[in-house]
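Chain A is the first sequence line, chain B the second, and so forth, proteins listed ahead of strands; every chain is numbered from 1.
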Amino acid sequence: MNLKALITDRLEAGLARAGVPDADAIVGPATRPEFGDYQANGAMAAAKRAGVKPRDLAARIIADSDLAGIASSSEVTGPGFISLRLDDDFLAGALGETIEPVGRGTRVVIDYSHPNLAKEMQVHHLRSTIIGDATARVLEALGYDVVRQNHVGDWGTGFGRLVAHLNDTGEDSEALGDLERFYTQASGRFETDPAFADRARQVVVDLQGGDSETLERWRRYIDISMSHCQAVYDRLGVSLRPEHVRGESAYNDDLDDIVADLSAKGLLTEDEGALCAFLDEFKGKDGNVVPIIVKKSDGGYLYHSTDLAAVRYRTGTLRAERLLYIVDARQSLHFRQLFALAREAGYDRGVSLEHHAFGMMLGADGRPFKTREGSGTRLLDFLDEATERARELVQAKNPSLGAAEMDRVARAVGIGAVKYADLSKNRTGDYVFDWHAMMSFEGNTAPYLQYAYARIRSLFERGGVDAGSLSGTPTIREPEEHALALQLARFQETLEQVASTVMPHHLCTYLYDLASAFMRFYENCPVLDSDVRDDRLLLCRHTAETLSQGLDLLGIETVERM
RNA sequence: GCGCCCGUAGCUCAACUGGACAGAGCAUCGGCCUUCUAAGCCGGCGGUUGAAGGUUCGAGUCCUUCCGGGCGCGCCA
């Protein structure tokens, strides 16, 4: 049940009956406890429109709204706010509801992670991978038909440089670390050696032209790269799999057609030998238009063309109704251009094209993040460090865990802390990554949430109670029980909020508030040694289930003990 | 030069997209363990939301200008 939507419906019906149809009730959680559980702010704006007194209208809305069985009290407060307190039995009855499949099979494509050929995954791949994965999980839980697309950078000049360099030196390797080193060398030569650059471009032409020997070599390097990426995904607990890979190369055969089609639609102009689209909306105050180059003067293609083909594939062949791109903020101009040109060409088919940008990960010193050694930004090193730090901390707090269990806990806490530190930030700008803060086990961190879960599980273990054996609807008596049940009832609306905004931090905030509500309940309401034990155990059970499910949707594991 | 993003407590971040006295955590100060994990809970301190105008019943949020920081801008992706 979407609590906010339910209250909104009831109040807007009341608004209509009060003579102000088509007005927004503006419902949300109350900003302060003394204002109840939920509040509606729409009466003031509506009263302005209708030319009546805000408080009078608010009173009429309350009188005309069907809130029976939902709110235990409703009153006009301040200049015209409507303050609602929700009914205890209503909240209790909502416990244990499953997630409502509001997605109804709507197909959504999520483009995320997109590592590059012949390069190890770096720390900067983390944000796209983690945010994209959490988004995919949440949308899926809501009943959307999610199509994950790992748009791997497996095509173009990078490969040409690498192969041209290996041709020159006679070197080769099956190890990704070696390939990456060769790649770095090749990139250096590409900048300084024009003859080499020409050979590199020729390799790309061979590749894109379908030369079998070049293609075979390319496939070998792809396999080496992608098996590395899959290992990282598995280690991270990310749901991407080989079948989600559809890299730039997948669109190679479409590129000529894209250009022909754009040309037929009159969107292209030849400029300095390259085929460009000049769209008015990219004209600055100085009168210059930033061009979109879809075909280079040497006949090669760029990522604009590939991405256009991908849009056409996703809206056409895949019939997606929404396209999400989880890509860093530096690509903003590219996506504005891409979406604009896709619309001009009709490739968007009227669906929503959305670039969800994010900033860089910075170290505590405000500079781009580095691992403990200060040397590199290899993702695997980073994950090793996270797990090791978690192990040290957990070991210090709880030395009684056995080796195997300690491994599981260290992984869940270390990887969980890293993911949560990222997911809990809203900023589209850069964010500061701090090992101490995210692993301190205090405040809004994954370990705090995992601890809250483990604490509940411990309660069941100590009481010798099987959580699954409990049934029925609890009676709510104490304020802490009410607050906990209220927070539990907000799960659905939180998930829908994440789905619409693609901001997983709303789910993080929700889970932190839930864990906090539980901790207050736990301090004030004895569970096991209580004559309302089963009622409270039911609240505990639903809290544990929601924490676990919510963390799972973020891609974070829970443990029974820690 | 043109363009995009960001400035909120000492630090790291919220504020449900225009609503009530801007909230948490860390740090700091002070309470609470013979009872379910103190990795916790309760309280104190801490703010002219970068600045100035504007829009309106109401602005951290919207519009303008300025200051400060980051990023991008035709054949890399």
Side-chain angles (χ1 to χ4, degrees), chain A residues 4 26-32 34-35 39 41-42 44-45 47-48 54 77-81 83 114 116 153 155-158 161 187 190 248 271-276 282-288 290-298 300-304 306-307 328-334 336 357 359-360 364 366 393-394 397-398 421 424-432 434 436-438 440-445 447-448 450-452 454-456 458-460 462-463 493-494 497 501 503 505-506 508-510 512-513 516 519-520 522-524 526-530 540 561-562:
Chain A
K4 178 176 167 174
I26 314 181
V27 172
T31 52
R32 304 168 69 85
E34 58 264 38
F35 299 142
Q39 66 183 44
N41 311 326
M44 291 165 302
K48 178 89 176 170
T77 53
F81 294 97
S83 296
H114 40 254
N116 297 311
W155 207 242
T157 57
R161 297 175 195 189
S187 292
F190 189 86
E248 296 170 343
D271 193 79
E272 293 176 33
L275 289 175
C276 308
F282 297 102
K283 183 184 288 185
K285 282 178 182 171
D286 56 4
N288 294 326
V290 184
I292 306 169
I293 299 179
V294 296
K295 189 169 189 177
K296 297 193 287 180
S297 54
D298 68 1
Y301 293 100
L302 298 167
Y303 70 157
H304 282 121
T306 317
D307 283 351
D328 80 271
R330 287 175 300 185
Q331 304 291 338
S332 292
L333 177 60
H334 166 63
R336 281 178 51 217
M360 287 190 301
L393 285 165
V394 174
K397 294 285 186 186
N398 189 354
S424 61
K425 308 294 187 300
N426 157 46
R427 297 287 167 189
T428 54
D430 301 338
Y431 90 99
V432 176
D434 178 6
H436 180 71
M438 59 169 251
S440 70
F441 296 72
E442 291 167 339
N444 189 11
T445 64
Y448 175 86
Q450 290 166 322
Y451 172 62
R455 217 171 177 183
I456 301 172
S458 158
L459 209 49
F460 282 100
R462 177 174 285 260
E493 71 187 51
T494 302
Q497 187 184 15
T501 60
M503 288 187 173
H505 83 278
H506 288 124
C508 296
T509 303
Y510 168 84
Y512 178 61
D513 289 342
S516 300
M519 292 296 190
R520 281 190 287 276
Y522 184 87
E523 293 287 330
N524 291 287
V527 176
L528 294 176
D529 186 23
S530 157
C540 290
R561 297 193 303 161
M562 62 188 284

Mind telling me whether [N] is syn or anti, cutoff 90° either side of 0?
{"N": "B:C67", "value": "anti"}
{"N": "B:U49", "value": "anti"}
{"N": "B:C66", "value": "anti"}
{"N": "B:G74", "value": "syn"}

Looking for any heavy atom pair under 4.0 Å, which part of the strands does [X] touch: base, sugar-phosphate only, or nothing?
{"X": "A:Tyr431", "result": "sugar-phosphate"}
{"X": "A:Met360", "result": "nothing"}
{"X": "A:Asn524", "result": "nothing"}
{"X": "A:Met519", "result": "sugar-phosphate"}
{"X": "A:Gln450", "result": "nothing"}
{"X": "A:Asn288", "result": "nothing"}
{"X": "A:Glu272", "result": "base"}
{"X": "A:Pro291", "result": "base"}
{"X": "A:Asp434", "result": "nothing"}
{"X": "A:Asn426", "result": "sugar-phosphate"}
{"X": "A:Ser83", "result": "base"}
{"X": "A:Pro29", "result": "base"}
{"X": "A:Ala454", "result": "base"}
{"X": "A:Thr157", "result": "sugar-phosphate"}

Minimum-distance nucleotide to A:Phe81 side chain [options: B:C16, B:G19, B:A39]: B:G19
Could you please name the option among B:C13, B:U37, B:A77 that lies closest to any side-chain atom of A:Gln331? B:A77
Measuring only the [atom1] atom in each nucleotide, how far is [N] from [M]? A whole number of Å is fine.
{"N": "B:C6", "M": "B:G30", "atom1": "C1'", "answer": "38 Å"}
{"N": "B:C32", "M": "B:C21", "atom1": "C1'", "answer": "29 Å"}
{"N": "B:G43", "M": "B:G25", "atom1": "C1'", "answer": "16 Å"}

Aromatic ring of A:Phe441 stacked on base six-ring of B:A39, 5.5 Å, 30°: no
Sequence neighbours excluded, which residues qualify as salt bridge (charged side-chain N to carboxylate O under 4.0 Å, His left out) partners of [X]?
{"X": "A:Glu34", "value": "A:Arg32"}
{"X": "A:Asp328", "value": "A:Arg330"}
{"X": "A:Asp271", "value": "none"}

Shorter than 3.5 Å, N or O on both sides, protein versus nucleotides 21-25 of chain B: list them out with atom names.
residue : atom : partner : partner atom : Å
B:C21   : O2'  : A:Arg32 : NH1          : 3.3

So CG of A:Asn426 and OH of A:Tyr431: to nearest 0.5 Å the spacing works out to 13.0 Å
Which residues share a side chain to side chain donor-acceptor pair (under 3.5 Å) with A:His304, sequence neighbours left out: A:His334, A:Gln337
Please list, chain by chain and in numerical order, all residues satisfying side chain to side chain donor-acceptor pair (under 3.5 Å) with A:Asp529, sequence neighbours excluded. none
Look at the side chain of A:Tyr451 and the base of B:A39, then say whether one donor and one acceptor between them are separated by less than 3.5 Å. no
Once hydrogens and angles are ignored, does a donor-acceptor distance under 3.5 Å link the base of B:A77 to the side chain of A:Thr306? no
State which residues pass side-chain contact (heavy atoms from CB on, under 4.5 Å) with A:His506; sequence neighbours excluded, sorted by chain then number. A:Gln497, A:Val498, A:Thr501, A:Met503
At a cut-off of 3.5 Å, list every protein nitrogen or oxygen paired with a nitrogen or oxygen from nucleotides 58-62 of chain B, distance to 0.1 Å.
none

Round to the nearest Å and state the distance from A:Leu459 atom CG to B:C36 atom P. 10 Å
Residues forming a ring-ring contact (aromatic ring centres under 6.0 Å, His included) with [X], sequence neighbours excluded:
{"X": "A:Tyr522", "result": "A:Phe518"}
{"X": "A:Phe282", "result": "none"}
{"X": "A:Phe190", "result": "none"}

Residues A:Tyr301 and A:Val294: closest non-hydrogen pair is CD2-O, 3.4 Å
Has [X] got a side-chain atom pairing as donor or acceptor with [Y]'s backbone, closer than 3.5 angstrom?
{"X": "A:Gln39", "Y": "A:Thr31", "result": "yes"}
{"X": "A:Asp430", "Y": "A:Met360", "result": "yes"}
{"X": "A:Asp434", "Y": "A:Ala364", "result": "no"}

Note, RNA chain B 5' to 3' with Watson-Crick or G-U pairs under 3.5 Å encoded as ( ), [ ], | and . gives (((((.(..((((.....[...)))).(((((.......))))).....(((((..]....)))))).)))))....
Quick one: on RNA chain B, does A:Asn398 or A:Phe190 contact a more 5' nucleotide (nearest heavy atom)? A:Asn398
Along RNA chain B (nearest heavy atom to each residue), the more 5'-positioned of A:Val290 and A:Ser424: A:Ser424
